[in-house]
Q: 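The structure follows.
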Amino acid sequence: MDARALMTRLAVFTQDKEQLMRVFRSSGQYRENVSPDIYGKMAEEAMAFVAEKRTSAPLQAVAAGGKRHGGANAKI
């Protein structure tokens, strides 16, 4: 998993950018030689992505006929 993917996953469980950065800095993906500005921008993008998905998720479920799971193991 790359740093951007991990940051996006962590953004689901954090409340703000500062908390996200604290958790990410403790991960194995954090590199001291990478500019903090790069990680800051990634954190902002991750938080925005998660916020967008949270607001659009209910609409997608309704558009799909209310079904939330349609994978191979879905019980019908």
Side-chain angles (χ1 to χ4, degrees):
M1 176 181 308
D2 69 344
R4 187 175 305 276
L6 175 61
M7 194 169 287
T8 303
R9 287 180 182 219
L10 293 173
V12 173
F13 301 103
T14 55
Q15 302 299 315
D16 55 37
K17 179 182 168 186
E18 289 76 27
Q19 183 183 25
L20 173 57
M21 290 302 298
R22 281 194 310 270
V23 173
F24 182 76
R25 276 193 292 274
S26 68
S27 77
Q29 291 290 327
Y30 181 77
R31 302 288 181 253
E32 291 287 334
N33 61 343
V34 176
S35 169
D37 295 335
I38 292 173
Y39 286 137
K41 182 173 171 138
M42 284 173 48
E44 290 173 4
E45 291 171 354
M47 295 297 286
F49 177 79
V50 170
E52 177 186 336
K53 293 301 175 186
R54 282 185 178 143
T55 59
S56 67
L59 297 176
Q60 292 173 350
V62 171
K67 295 181 182 177
R68 294 179 181 244
H69 181 54
N73 295 326
K75 295 180 181 176
I76 300 175

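Remember, predicted model here, so these are calculated numbers, not experimental data.
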Q: Starting at OG1 of T8, measure out to CE of M47 and round the result to the nearest 0.5 Å.
A: 10.5 Å
Q: Applying ring pair (Phe, Tyr, Trp, His ring centres under 6.0 Å), name anything that partners Y30, two or more places apart in sequence or on another chain.
A: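 Checked Y30 against ring pair (Phe, Tyr, Trp, His ring centres under 6.0 Å); matches are Y39.
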Q: Output the distance between atom CG (L20) and atom CE (M42), rounded to the nearest 0.5 Å.
A: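 That separation rounds to 9.0 Å.
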Q: Quick check: is F49 connected to M1 through a chain of hydrophobic side chains (ILVMFWY, heavy atoms under 4.5 Å apart)?
A: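 As far as the 4.5 Å side-chain criterion goes, F49 and M1 are not connected within one cluster.
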Q: So do the side chains of R4 and E45 get within less than 4.5 Å of each other, counting heavy atoms only?
A: yes
Q: Per the side-chain contact (heavy atoms from CB on, under 4.5 Å) rule, which among T55, V12, L10 passes with V50?
A: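 Of all the options given, the one that passes is V12.
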Q: Among pairs that include at least one residue of residues 9-29, which meet side chain to side chain donor-acceptor pair (under 3.5 Å), considering only residues two or more places apart or in two chains?
A: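 Of all non-adjacent pairs touching residues 9-29, those that pass side chain to side chain donor-acceptor pair (under 3.5 Å) are K17-E44.
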Q: What closest approach, in Å, do A11 and R54 show between heavy atoms, and which atom pair accounts for it?
A: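 In this case the closest contact between A11 and R54 is O-NH2, 4.1 Å.
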